[in-house]
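What follows is one structure encoded as structure tokens, with my remarks underneath.
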Amino acid sequence: MEVLGHYNYWVFAFLLTIGLYAVIAKPNLVKKLLGLSIFQAAVFLLYISMAKVEGGTAPIIQGGAGEQVYSNPLPHVLILTAIVVGISTVALGLAIVVRIREEYGTIEEDEIQAQDRDR
Amino acid sequence: MIIDAISLLMLGAGGFFVFMGGVGALRLPDLYTRMHAASLTDSLGTILTLGGIMLQSGWSLATVKLATILFFLLMTAPTSAYALANAALMSQGDDAPPAPEG
Amino acid sequence: MYYAAAAAIIVTMALALIRALLGPTVYDRVLAVNMFTTKTVLLVSLIAFLSGRPDFLDLALAYALINFVGVLAVLEFVQKKRRPRRLP
Amino acid sequence: MDMLFGFVLLTLLVVTAVAVVVTPNLFAAVMLMSIFSLLMAATFFLLDAADVALTEAAIGAGMSTVLFLSALGLIGAGERKRPVRQWLPLSVVGITTFTLLYATIDQPLLGDPAAPVHQHVAPWYLEQTPLLIDMANVVTAVLAAFRGYDTFGEVLVILTAGLGVLMVLAGGARDRPEPERRIGATGLRHHLIPRVVGQLLIPFIVLFGLYLQFHGDFSPGGGFQAGAIIAVGIVLHSLLEGESAGRAIVPPRVLVGLMIGGALLFGLVGVAGMVLGGNFFDYSVLGADPVGSQQLGIHLVEVGVGITVSGTLVAAFHAFADREPA
């Protein structure tokens, strides 16, 4: 178990770079947005993993037992809001992609740049 | 005591059916047979698993919530199976199997 | 037995994921998503019960209530693609 | 045993993420993304973050799939394959992975109670919430009261993004026919089973949203989750009955009003605290009893959050669904 104590962080690292790869290497704009979502999810995972306390439970205080250990509520708050912000920013990104598709007829980055050069 | 035994049996059977559904969805030859395997075992596995937990938790708020979850799942799972089968049928001709994506 | 059931559910999740990866049609993937949702509901119910905090069943309830909206959106998407753009 | 389940789920998470990036079909990638979201929610649940898992469920189960699909309906689902020079991005990604993995060596182990994160403000929140606010769900208390500034900022970001979607998609409209004249306005009306089940479930979905909204101080829940769930209920109605029927129950003007009104309610509760002699977002001065006023303030603020979130998500959905493919 000692060895696997960092497993969450390893997964964080891999997810982050998978998302990063999609953002920098994929020419398709929707793919880039999906990559951005994965990138974001990696950060969420990092925060929530840090909040975990061994033997603890979710930070909803139960009456009576004073000895109960709770996980850290602060990262939960930050990530909870970030998830909803994430979907609304993704919606904004999709809206921009839709408009790009309407004006350029494509959502592949290199074709858009080629069209821009021709103008 | 008897209730414990029954609930454990239900949980075991539920796990078994869930697993069989997974195997069916993986190994059957085309979409519609896979859908058949998945949705049938889903219903039975869900009933057995949630029923097992319900028996264990006795008369409490948890049981009511579990019953609600079971009810909604039994409503929505066939609906989504219907929608999926319709979408698959509609995207192709009437009897041709759906073509691979491209 | 709880852990056996939970393990069976997780293995089934892995099988569904393999189906989602293999395809071959997009509808196979939607089917896999469907299976995955049911399995998540079962897994969350089991773990909520095992950890002794049954008030967390709300998560399973949320999935049970709204999982089919995504599949309905798929149906609508397919239907929209097939239909002519506008009435004459 | 829970640890072991967690490891398996995390491994599946990485596999799914790779598949999302590799799949050439965007529709398939969106489907894989919803599996990704399910795995994420289950992982959060195992890591004792019930509120966060509920938020991920409320967003990921319905709203994000619906938004992506309605955008793909306008864009098309194919991704063109072409040979791209891969060595530069791959080497960047490789170096980043290596650096991040190297950085994890110094991280405290998962669940270590002596980790630096758990030393600073978190114990104070856990100790003081029962005394100052008397609320069982510490996450809700921290969200709305102790860190009200942050949350207000986030709500404004959501509002701005929602208004941005409306503005971006308002421009460039081609000759748009009246909604009744479009075939697209019928929705799933001739599919009997989804229609009956869906119409039966919409009241329950909205009721569940209201439960999360107003029970958020005792159990996981709050404005963000409730807003997302109620938005799913309204979107389901538009999916079933067609866009024009969906717009009829909550007209777009009303939606914009709700989005702005919710954020305004949040801000005004903060200002009210200032007018009554406290600090910005100090709710304890709202009434005679400080603890009771804190709870009142939190509930008002959460209502504002819920209204803004559901208004934004529904408005974004309508903005996509109402558009004709180019």
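Just so you know, these numbers use all the heavy atoms, side chains as well, and skip hydrogens, waters and symmetry mates.
- The parts of D:A57 that come within reach of chain C are both its backbone and its side chain, each placing non-hydrogen atoms under 4.5 angstrom from that chain.
- Scanning both residues, C:G70 and D:L69, for their nearest heavy atoms gives O-CD1, 4.3 Å.
- Chain C forms the most heavy-atom pairs under 4.5 Å with one residue out of D:V30, D:L9, D:V232, D:I229, and that residue is D:V232.
- Enclosure of atom OH in D:Y211 by more than 12 non-hydrogen atoms of other residues, nucleotides or ligands within 6.0 angstrom is indicated.
- When all heavy atoms of C:A62 and D:L54 are compared, the closest pair comes out as CB-CD1, 4.1 Å.
- Residue contact with chain D, scored on non-hydrogen atoms closer than 4.5 Å, involves the backbone and the side chain of C:A6 alike.
- Taking CD1 of D:I35 as the start and CZ of C:R29 as the end, the distance is 9.5 Å to the nearest 0.5 Å.
- Using a 4.5 Å cut-off between heavy atoms, C:V74 touches chain D through backbone and side chain atoms alike.
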**Study point:** Intermediate values then yes/no, side chain to side chain contact (heavy atoms under 4.5 Å, CB included), C:F77 and D:F68
**Key:** CA-CA 10 Å; C:F77 174 76; D:F68 265 107; over 6 Å; no
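- Counting heavy-atom pairs closer than 4.5 Å to chain D, the top residue among C:I47, C:L50, C:D28, C:L43 is C:I47.
- With a 4.5 Å cut-off on non-hydrogen atoms, C:A48 touches chain D through its backbone and its side chain both.
- Between C:Y63 and D:S37 the shortest heavy-atom distance is OH-O, 4.1 Å.
- In this structure, C:Y27 and D:F27 have perpendicular ring planes: the angle between them is above 60°, well past the 30° mark.
- With contacts defined as side-chain heavy-atom distances shorter than 4.5 Å, the pair D:L236/C:F68 qualifies.
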Exercise for review: Walk me through it: do D:M31 and C:V26 pass the test side chain to side chain contact (heavy atoms under 4.5 Å, CB included)?
Suggested key: CA-CA 8 Å; D:M31 285 302 127; C:V26 283; 6.0 Å; no
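- In this structure, chain C has a heavy atom under 4.5 Å from the side chain of D:F45, while its backbone stays farther away.
- Here D:S238 contributes atom OG and C:E76 contributes atom CD; the two are 9.5 Å apart, rounded to the nearest 0.5 Å.
- Nearest heavy atom pair, residue C:L17 against residue D:L12, reads CD2-CD2, 3.7 Å.
- Counting only heavy atoms from C-beta outward, the side chains of D:S219 and C:D58 approach each other to under 4.5 Å.
- Taking 4.5 Å as the limit, some side-chain heavy atom of D:L39 sits within range of a side-chain heavy atom of C:F36.
- Atom CD1 of residue C:I66 and atom CZ of residue D:F204 lie 15.5 Å apart, to the nearest 0.5 angstrom.
- Interface summary for chain D: among C:N67, C:T37, C:V71, the most heavy-atom pairs under 4.5 angstrom belong to C:T37.
- A distance of 10.5 Å separates CD in D:Q225 from CG in C:L59, rounded to the nearest 0.5 Å.
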